[in-house]
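Just so we're on the same page: letters track the sequence lines, and every chain starts at 1. Not measured: the values here are computed from a predicted model.
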Amino acid sequence: MKSEPSEMSIDKLAAMPEQTTAWDGVRNYQARNFMRNQMQMGDLVFFYHSSCPEPGIAGIAEVSRLAYPDETQFDPASKYYDPKATRENPRWFNVEIRLLRKTRLLPLKELRSYPELSSMRILQKGNRLSITPVDPSEWKFIEAKL
DNA sequence: GCCAACGTTGGC
DNA sequence: GCCAACGTTGGC
């Protein structure tokens with residue numbers, strides 16, 4: 001799961017109560033569907049820093065709450081407000097994640113250097129999805145490098 | 001700041 | 001349903 005450190009960094013997450021945060025503000029249907037339809041309690045997550053001087057994996061988290069309607073879509077004051085969403089018919093959902101451990105920063109550049117990871121979704125050209133599934137084999141490989 | 005690669009919107 | 005225009009993402 002990608003996050004801009006200025007929005008939610010690994011250190012900010014570590015400072016949250018229960019080291020937990022709602023993954024709200026996602027406004028992409030594919031990413032929403034991953035959260036709403038696929039993610040289960042306890043699923044493991046690489047926490048990735050994007051759009052920053054050193055993009056890369058910064059920690060490991062887990063899904064601590066199943067997807068539920070994203071509150072920010074109902075809030076006119078929020079930058080994530082969606083006038084087309086209603087409580088009866090919400091459009092956007094979010095899970096919550098809890099930090100398990102901060103890791104060394106594993107830079108994007110290093111991820112790209114491993115042939116074993118060449119088919120990873122996040123490394124494909126033009127990939128902009130903020131949430132992507134990770135193959136178990138890719139997970140094991142990366143975890144061993146952290 | 002640039003720009004490639006998408007995703008969304010809306011007129012037709 | 002098509003597709004041009006526009007907006008966004010995110011690495012560099």
Side-chain angles (χ1 to χ4, degrees), chain A residues 1-16 19-39 43-63 65-146:
Chain A
M1 296 172 89
K2 294 195 228 174
S3 175
E4 300 186 19
S6 56
E7 277 281 307
M8 175 55 69
S9 68
I10 198 80
D11 289 330
K12 229 179 267 185
L13 179 57
M16 297 285 284
Q19 307 189 356
T20 294
T21 191
W23 207 259
D24 56 16
V26 170
R27 294 296 179 266
N28 170 284
Y29 289 105
Q30 258 186 287
R32 178 204 68 181
N33 292 344
F34 284 138
M35 284 198 284
R36 193 186 57 182
N37 307 340
Q38 314 256 120
M39 294 172 79
D43 277 359
L44 295 173
V45 171
F46 287 130
F47 189 104
Y48 179 95
H49 282 172
S50 67
S51 290
C52 58
E54 225 184 344
I57 292 170
I60 293 177
E62 70 173 352
V63 176
R65 185 173 167 188
L66 290 176
Y68 60 93
D70 179 336
E71 270 303 312
T72 62
Q73 70 193 306
F74 307 124
D75 176 7
S78 168
K79 63 174 169 175
Y80 300 118
Y81 178 59
D82 183 347
K84 292 181 186 161
T86 62
R87 296 216 175 251
E88 298 69 39
N89 200 1
R91 271 195 178 186
W92 306 111
F93 291 76
N94 65 266
V95 296
E96 289 183 7
I97 65 163
R98 185 167 63 88
L99 179 65
L100 291 179
R101 69 184 177 99
K102 195 177 163 178
T103 63
R104 78 177 174 101
L105 196 283
L106 200 170
L108 175 61
K109 213 184 303 176
E110 183 180 337
L111 289 172
R112 289 197 191 285
S113 75
Y114 298 123
E116 291 89 341
L117 302 178
S118 58
S119 58
M120 254 194 109
R121 192 90 176 256
I122 200 174
L123 301 180
Q124 302 313 305
K125 193 176 180 183
N127 171 66
R128 298 185 326 176
L129 266 185
S130 61
I131 301 175
T132 52
V134 177
D135 282 356
S137 62
E138 293 164 349
W139 180 278
K140 277 184 195 151
F141 184 86
I142 292 170
E143 201 178 24
K145 302 286 181 188
L146 290 170

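Computed from coordinates, the Glu7(A) CD to dT9(C) C1' distance equals 13 Å when rounded to whole Å. Following rounding to the nearest Å, Arg121(A) (CZ) and dT9(C) (C1') show an atom-to-atom distance of 15 Å. Nucleotide dT8(B) holds its P atom 10 Å from the CZ atom of Arg32(A), rounded to whole Å. Residue Arg27(A) contributes atom CZ, which lies 12 Å from atom P of dT9(C) at whole-angstrom precision. One atom, CG of Leu111(A), and another, P of dG11(C), lie 11 Å apart when rounded to the nearest Å.
Taking the side chain of Arg112(A) as heavy atoms from C-beta on, and the options dG7(B), dG10(C), dC12(C), the nearest nucleotide is dC12(C). Closest to the side chain of Lys2(A), from the set dG11(C), dG10(C), dG7(B), is dG10(C).
Between the side chain of Arg32(A) and the backbone N or O of Arg91(A), at least one donor-acceptor pair lies under 3.5 Å. Remark: the backbone N or O of Leu106(A) is not paired with any side-chain donor or acceptor of Lys145(A) at under 3.5 angstrom. Distance alone, capped at 3.5 Å, is enough to place a donor-acceptor pair between the Asp70(A) side chain and the Gly25(A) backbone. The closest donor-acceptor contact from the side chain of Ser78(A) to the backbone of Tyr80(A) lies under 3.5 Å.
Note on Lys102(A) versus Asp11(A): salt bridge recorded, some NZ/NE/NH1/NH2 to OD/OE distance being below 4.0 Å.
Looking at residues 122-132 of chain A, you'll see Lys125(A), Gly126(A), Arg128(A) sit with a heavy atom under 4.0 Å from some atom of DNA chain B. Near DNA chain B, meaning a heavy atom under 4.0 Å away, there are no residues from residues 67-92 of chain A.
Put simply, CG on Leu99(A) and CD1 on Ile10(A) are 5.0 Å apart, with the number rounded to the nearest 0.5 Å.
Taking only side-chain nitrogens and oxygens, Tyr29(A) never comes nearer than 4.0 Å to OP1 or OP2 of dC6(B).
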Point to revise | ring pair (Phe, Tyr, Trp, His ring centres under 6.0 Å) assessment of Tyr29(A) paired with Trp92(A) | key: CA-CA 8 Å; Tyr29(A) 289 105; Trp92(A) 306 111; 4.7 Å; yes
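Ring centroid separation for the pair Trp23(A) and Phe93(A) does not come in under the 6.0 Å cut-off.
Pairs of residues two or more places apart, or lying in two chains, that qualify as side chain to side chain donor-acceptor pair (under 3.5 Å) and include a residue from residues 128-141 of chain A are Trp139(A)-Glu143(A).
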